[in-house]
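Quick caveat, the model's predicted, so the values are computed rather than measured.
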Amino acid sequence: MRFVLEFDNVTKEYRSFASKRRLRALDGFSLTVEAGEIFGFLGPNGAGKSTAIHLAMGFMRPTSGSGRLLGERFGHPATRRRVGFLAESVALYHRRAERLVRFYGALNGMGGTHLETRARQVLEIVGLRDHANRNAGKFSRGMLQRVGLAQAMVNDPDLLILDEPTSALDPLARVMVRELLLGARNAGKTIFLSSHLLSEVELVCDRVAVLHRGRLARLGRTADLLQVGEQTEIVVRAIAVKHFDGAVARDGVVSFSVPAHTQRAALEKVWNLGGEVVSVNPLRRSLEEIFLEVTADPQSPPFAGNQ
Amino acid sequence: MKPVLLIAVNFAREQRWPILTLLLWVLLLAFLGLVTDIHRQREDLLFVFKQDAIYVLAFSVFFGGSAIYNERRSRRILSVLSKAVGRQQYLSGLVLGVTLACAVYCFALGLTGSWTLGETGFPISHLWFLMVCLVAACMLAGTVALMFSTFLNPFFAAGATAMVLGLPALAGQFLGPQWGYVIPVWELGTTVVNSSFRSPGTASWFPVVLAAAETLAFWLLSARIFAYVDIAVAVE
């Protein structure tokens with residue numbers, strides 16, 4: 001099985017009971033997630049990210065289209081035994097953290113000493129070993145999110161679907177989650193990660209999709225998306241800004257970008273002018289720039305409106 | 001079966017405060033048994049006993065009607081249904097949970113009733129039969145409320161449940177007593193309410209069996225409806 005998660009032309013409309021108004025959250029959405037990758041799922045609020053995730057988990061049915069999770073149609077309960085899910089704004093029962101994790105593990109058919117050991121193990125992984133006997137109802141939001149992660153991992157899932165897993169975490173905990181995700185990928189797991197923390201996504205994700213107004217606006221390998229065509233950024237010292245178009249001086253260095261095929265000529269010009277080359281790198285954008293570019297796009301109808 | 005039991009016990013646990021509040025009424029009955037001359041006040045004790053019995057029936061509708069709503073509103077339903085739990089299993093767990101919560105109360109009431117009313121001559125075996133009737137009525141009433149709550153908010157679900165449970169009783173008044181058995185919650189309730197020291201009533205198991213069968217039917221219907229319901233709404 002190559003794809004662990006597939007959306008095939010999925011449309012989801014929310015219908016108001018009182019009026020006949022329909023809100024199209026997903027519009028002909030297609031996407032495949034490959035086994036063993038960390039997949040970043042981005043989009044502004046209201047883009048349809050959580051809707052797509054809830055469809056995949058079987059919490060709702062698509063208005064049209066279909067999808068498969070680990071080879072089975074969405075909503076197949078037994079398949080979810082191999083899935084770990086963390087919802088946005090995680091909400092859990094008020095009971096001791098270890099018991100809580102064991103409860104969720106037992107719902108997945110786990111039991112006995114294996115479950116006890118695994119529950120302790122995942123609580124240790126998320127840094128809650130010392131709080132295992134505390135009531136989760138008294139936890140801070142960040143701690144709750146850690147328990148949420150623990151319950152998602154207790155069954156050692158093949159696929160982790162995480163909706164904003166780091167939103168309430170402090171920087172240290174974010175590093176912990178990042179290492180956890182990379183470790184899971186190295187162990188052959190697949191991670192589907194929805195997040196607004198673009199820097200985190202940029203650091204860990206192999207591929208990224210940007211959803212905007214229910215449609216797929218960008219999809220590709222993170223490295224490819226961040227690279228800007230055939231442009232090279234050159235940073236030099238000891239030359240004047242006027243020698244290169246678009247050059248910017250900052251902190252004692254001058255930086256400018258040139259098409260990759262003129263890179264050699266540009267470097268020779270720097271040397272001929274008596275300058276010193278500091279760095280030469282393919283020009284990269286940040287994920288934030290791509291995100292802003294996509295979300296500023298006036299294309300794609302926002303709603304289906306009254307139909 | 002394991003997830004069903006886990007969900008049921010978890011539900012009963014989540015309802016511990018309403019159950020404990022209800023149990024205060026049972027404590028009141030026990031208190032009356034301690035401080036009064038139970039032989040002289042036995043009619044009053046029976047009245048309190050019946051009153052306590054009817055309260056749990058109302059609470060079963062409250063438990064059933066609000067179960068899904070509370071879980072959805074708190075978003076805790078997502079973490080449960082993200083596991084290998086089918087929606088039918090989830091509903092089974094809630095039906096069992098409602099029954100369990102009511103059964104705990106009925107058991108406590110039965111124990112206290114056995115002590116207080118039993119001392120004053122009420123047949124204890126019949127008292128426990130009444131408790132079985134009460135649990136059966138609660139199970140059915142809770143399941144009907146749960147069925148309505150799959151697509152209505154708790155307030156309307158409770159109203160619709162009251163109508164569904166009350167209409168056969170009304171029909172029984174005007175069209176003949178057999179109509180009261182269409183949905184036998186009222187019939188089971190009146191078995192409890194009409195019992196007295198002079199005439200405790202006869203132990204007819206027919207409405208109990210009918211209530212169990214109808215619970216199954218309403219559970220199947222609610223599972224059918226719930227399978228098509230979006231349980232998570234847009235959070236963005």
Side-chain angles (χ1 to χ4, degrees), chain A residues 12 14-15 17 23 25-26 43-51 53-63 75-95 100 102-111 147-148 151-152 154-155 157 161 163-164 194, chain B residues 1-17 67-94 96-97 148-153 155-157 223-236:
Chain A
K12 177 65 189 177
Y14 293 110
R15 294 166 199 200
F17 185 73
L23 173 67
L26 283 178
N45 293 333
K49 300 189 303 295
S50 291
T51 298
I53 289 173
H54 290 167
L55 285 167
M57 293 305 299
F59 299 153
M60 48 175 73
R61 289 163 161 257
T63 308
H76 186 251
T79 309
R80 291 198 290 264
R81 192 164 285 145
R82 295 164 57 204
V83 177
F85 172 69
L86 174 67
E88 184 184 359
S89 309
V90 62
L92 304 165
Y93 296 104
H94 293 184
R95 56 169 72 178
L100 193 61
R102 274 164 46 194
F103 168 72
Y104 288 113
L107 284 178
N108 259 338
M110 299 172 75
V147 185
Q151 65 80 27
V154 68
N155 53 329
I161 297 180
D163 198 355
E164 299 287 352
S194 168
Chain B
M1 193 61 193
K2 190 179 167 186
V4 175
L5 290 173
L6 283 168
I7 291 165
V9 172
N10 187 59
F11 176 83
R13 187 185 172 279
E14 288 296 307
Q15 303 301 328
R16 61 192 180 281
W17 294 115
I68 293 175
Y69 176 81
N70 288 341
E71 289 286 286
R72 283 177 72 170
R73 197 184 56 172
S74 68
R75 294 170 58 78
R76 287 169 176 169
I77 194 170
L78 299 185
S79 52
V80 174
L81 287 179
S82 68
K83 307 300 176 200
V85 177
R87 292 198 185 188
Q88 214 169 33
Q89 285 178 308
Y90 181 72
L91 280 183
S92 308
L94 293 183
L96 195 61
F148 281 117
S149 76
T150 56
F151 58 95
L152 292 175
N153 79 26
F155 181 75
F156 289 115
R224 188 80 187 150
I225 298 167
F226 196 49
Y228 291 94
V229 172
D230 284 351
I231 55 162
V233 292
V235 291
E236 293 171 326

Test your reading of the model: is there a side-chain donor-acceptor pair from [X] to the backbone of [Y], 3.5 Å cut-off?
{"X": "B/K2", "Y": "A/M110", "result": "yes"}
{"X": "A/N108", "Y": "B/A84", "result": "yes"}
{"X": "B/R75", "Y": "A/V90", "result": "no"}
{"X": "B/D230", "Y": "A/R61", "result": "yes"}

Exercise for the section: Measure distances from B/Q89 to the heavy atoms of chain A and classify the residue's part below 4.5 Å as side chain, backbone, both or neither. Expected result: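 For B/Q89, no heavy atom lies under 4.5 Å from chain A.
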Handout entry: Heavy-atom proximity to chain A below 4.5 Å, by part of B/V80
Key =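 When you check distances to chain A, atoms from both the backbone and side chain of B/V80 fall under 4.5 Å.
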If I take atom [atom1] from residue [X] and atom [atom2] from residue [Y], how far apart are they, to the nearest 0.5 angstrom?
{"X": "B/E71", "Y": "A/Y93", "atom1": "CD", "atom2": "OH", "result": "3.5 Å"}
{"X": "B/L81", "Y": "A/F59", "atom1": "CG", "atom2": "CZ", "result": "6.5 Å"}
{"X": "B/R76", "Y": "A/H94", "atom1": "CZ", "atom2": "NE2", "result": "4.5 Å"}
{"X": "B/L6", "Y": "A/R102", "atom1": "CG", "atom2": "CZ", "result": "11.0 Å"}

What are the two closest non-hydrogen atoms of [X] and [Y], and how far apart are they?
{"X": "B/K83", "Y": "A/A152", "result": "NZ-CA, 4.3 Å"}
{"X": "A/A91", "Y": "B/S79", "result": "O-OG, 3.6 Å"}
{"X": "B/L78", "Y": "A/A87", "result": "CD1-CB, 4.1 Å"}

Problem - Beyond-backbone contact of B/V229 with A/M60, side-chain heavy atoms, under 4.5 angstrom - result: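 A side-chain contact under 4.5 Å is absent here.
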Handout entry: Counterpart residues, salt bridge (Lys or Arg N to Asp or Glu O under 4.0 Å), relative to B/R87 (two or more places apart)
Key =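 Residues passing salt bridge (Lys or Arg N to Asp or Glu O under 4.0 Å) with B/R87: none at all.
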Handout entry: A/A25 versus chain B, the contacting section by heavy-atom distance below 4.5 Å
Key =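 Contact with chain B is absent: no heavy atom of A/A25 under 4.5 Å.
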Exercise for the section: Measure A/T79 against the heavy atoms of chain B and call it side chain, backbone, both or neither at under 4.5 Å. Expected result: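 Neither part.
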Practice task
Pick whichever of A/P77, A/G148, A/S89 has the most heavy-atom pairs under 4.5 Å with chain B.
Solution key: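 The candidate making the most pairs under 4.5 Å is A/P77.
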Practice task
For each of A/H76, A/M57, A/R95, A/K12, tally heavy-atom pairs with chain B at distances under 4.5 Å, and name the one with the top tally.
Solution key: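 Ranked by contacts with chain B, first place is A/R95.
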Practice task
Give a yes or no on whether B/R224 atom CZ has more than 12 heavy-atom contacts from other residues, nucleotides or ligands under 6.0 Å away.
Solution key: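 Counting neighbours around CZ of B/R224, 12 or fewer heavy atoms of other residues, nucleotides or ligands fall under 6.0 Å, so no.
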